[in-house]
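The figures that follow rest on heavy atoms only: side chains count, while hydrogens, waters and symmetry mates do not.
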Amino acid sequence: MSSSEVLDPLDHSLIAALRKDGRAPVAELARELGVTRTTVTKRIERLQERGVIVGFTVQLGHDAAHDVRAICHLAIEGRTMNAAIATLRGMPAVTGLHATNGEWDLIAELTVPTLADVDHTLGRIREITGVHRSETSLLLRSVLV
């Protein structure tokens, strides 16, 4: 995104509303933001075209069927970062993915039904070209929600 395409306050408010409820009807968003439905629709389309909004997802509550969560720190070698990210984004067990600095290049959040699924997912992650080291921690409970 170029500097001439900076997000304005309405864009930020729309994104915040969609983060809160990505399935909110356009009419409800328009009412909440104090603009017309056409404005909301056009803004969403523009944000998608510019790559600001790349998709809509479902967020599960902590008590959903998938109840084993883990954080996987990954070291990626060479110029394989984009390919590794693409592969990880396609894995249903990966519910969050973050580029970082320091010892680790990526942090993947995993959410699966069982510990066996964690093991299986980690095996698949370790087979990704460029992943040369990993460290995983199971999340036992959330103390800040």
Side-chain angles (χ1 to χ4, degrees), residues 1-30 32-33 37 39-145:
M1 180 168 35
S2 73
S3 60
S4 65
E5 298 179 294
V6 175
L7 300 178
D8 66 18
L10 179 58
D11 291 327
H12 286 289
S13 295
L14 177 57
I15 290 167
L18 288 170
R19 280 186 174 146
K20 190 169 98 179
D21 183 1
R23 295 187 50 172
V26 171
E28 181 180 315
L29 292 168
E32 180 180 332
L33 299 172
R37 291 181 303 195
T39 298
V40 170
T41 301
K42 287 184 185 287
R43 288 289 179 123
I44 291 172
E45 289 171 358
R46 192 181 87 223
L47 291 168
Q48 287 176 307
E49 288 169 3
R50 289 170 46 197
V52 175
I53 295 176
V54 296
F56 297 86
T57 63
V58 172
Q59 292 181 328
L60 299 175
H62 293 295
D63 295 330
H66 296 267
D67 55 7
V68 179
R69 297 181 308 137
I71 300 294
C72 184
H73 296 79
L74 303 170
I76 310 297
E77 60 187 1
R79 298 179 182 205
T80 60
M81 179 67 85
N82 290 338
I85 289 171
T87 302
L88 289 161
R89 287 183 72 176
M91 297 175 70
V94 177
T95 54
L97 189 59
H98 313 275
T100 186
N101 66 330
E103 182 178 352
W104 304 104
D105 300 303
L106 293 173
I107 297 176
E109 298 175 49
L110 310 179
T111 306
V112 293
T114 68
L115 288 173
D117 292 318
V118 172
D119 184 47
H120 173 76
T121 301
L122 293 176
R124 288 186 57 212
I125 289 172
R126 290 183 192 115
E127 292 174 350
I128 296 171
T129 301
V131 173
H132 71 94
R133 198 161 50 96
S134 68
E135 180 179 298
T136 302
S137 297
L138 295 177
L139 300 180
L140 301 177
R141 65 186 170 107
S142 294
V143 294
L144 175 66
V145 181

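The shortest heavy-atom contact between A30 and R37 is CB-N, 3.7 Å. Of all the heavy atoms in V68 and P113, the pair that sits closest is CG2-O, 3.6 Å. When every heavy atom of A108 is checked against every heavy atom of V94, the shortest pair comes out as CB-CG1, 4.3 Å. A pairwise comparison of heavy atoms in S142 and R69 identifies OG-NH2, 2.8 Å as the closest pair. Closest of all the heavy-atom pairs between L138 and A70 is CD2-CB, 3.9 Å. Of all non-hydrogen atoms in A93 and T121, the two that sit nearest each other are CB-OG1, 3.6 Å.
With rounding to the nearest 0.5 angstrom, the CG atom of L106 is 9.0 Å from the CD1 atom of I128. Rounding to the nearest 0.5 Å gives a distance of 12.0 Å between CD of E103 and CG of L74. The CG atom of L7 sits 5.0 Å away from the CD1 atom of I15 when rounded to the nearest 0.5 Å. From D105, atom CG reaches atom CD of E77 across 10.0 Å, with rounding to the nearest 0.5 Å. L14 CG to I53 CD1: the interatomic distance, rounded to the nearest 0.5 Å, is 6.0 Å. If you take CD1 on I71 and CD on E109, they are separated by 4.5 Å, rounding to the nearest 0.5 Å.
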What's the verdict on side chain to side chain contact (heavy atoms under 4.5 Å, CB included) for L115 and D119, showing C-alpha distance, side-chain angles and the deciding distance? CA-CA 6 Å; L115 288 173; D119 184 47; over 6 Å; no
Can L110 and T95 be said to form a side chain to side chain contact (heavy atoms under 4.5 Å, CB included), step by step? CA-CA 6 Å; L110 310 179; T95 54; 5.9 Å; no
Show, in sequence, the C-alpha distance, side-chain angles and deciding distance for I44 and L18, and conclude whether the side chain to side chain contact (heavy atoms under 4.5 Å, CB included) test is met. CA-CA 10 Å; I44 291 172; L18 288 170; 4.2 Å; yes
In sequence, state the C-alpha distance, the side-chain angles, and the governing distance for R50 and V52, and then conclude on side chain to side chain contact (heavy atoms under 4.5 Å, CB included). CA-CA 6 Å; R50 289 170 46 197; V52 175; 4.2 Å; yes
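In this structure, D117 contributes its side chain and V112 its backbone to no donor-acceptor pair below 3.5 Å.
Within 6.0 Å of CZ in R46 there are more than 12 heavy atoms belonging to other residues, nucleotides or ligands.
The side chain to side chain contact (heavy atoms under 4.5 Å, CB included) check on T39 picks up L10, V35, T36, R43, with sequence neighbours excluded. Residues meeting the salt bridge (Lys or Arg N to Asp or Glu O under 4.0 Å) test with R124, sequence neighbours left out: none.
Counting only residues at least two apart or in different chains, side chain to side chain donor-acceptor pair (under 3.5 Å) contacts with residues 79-90 are absent.
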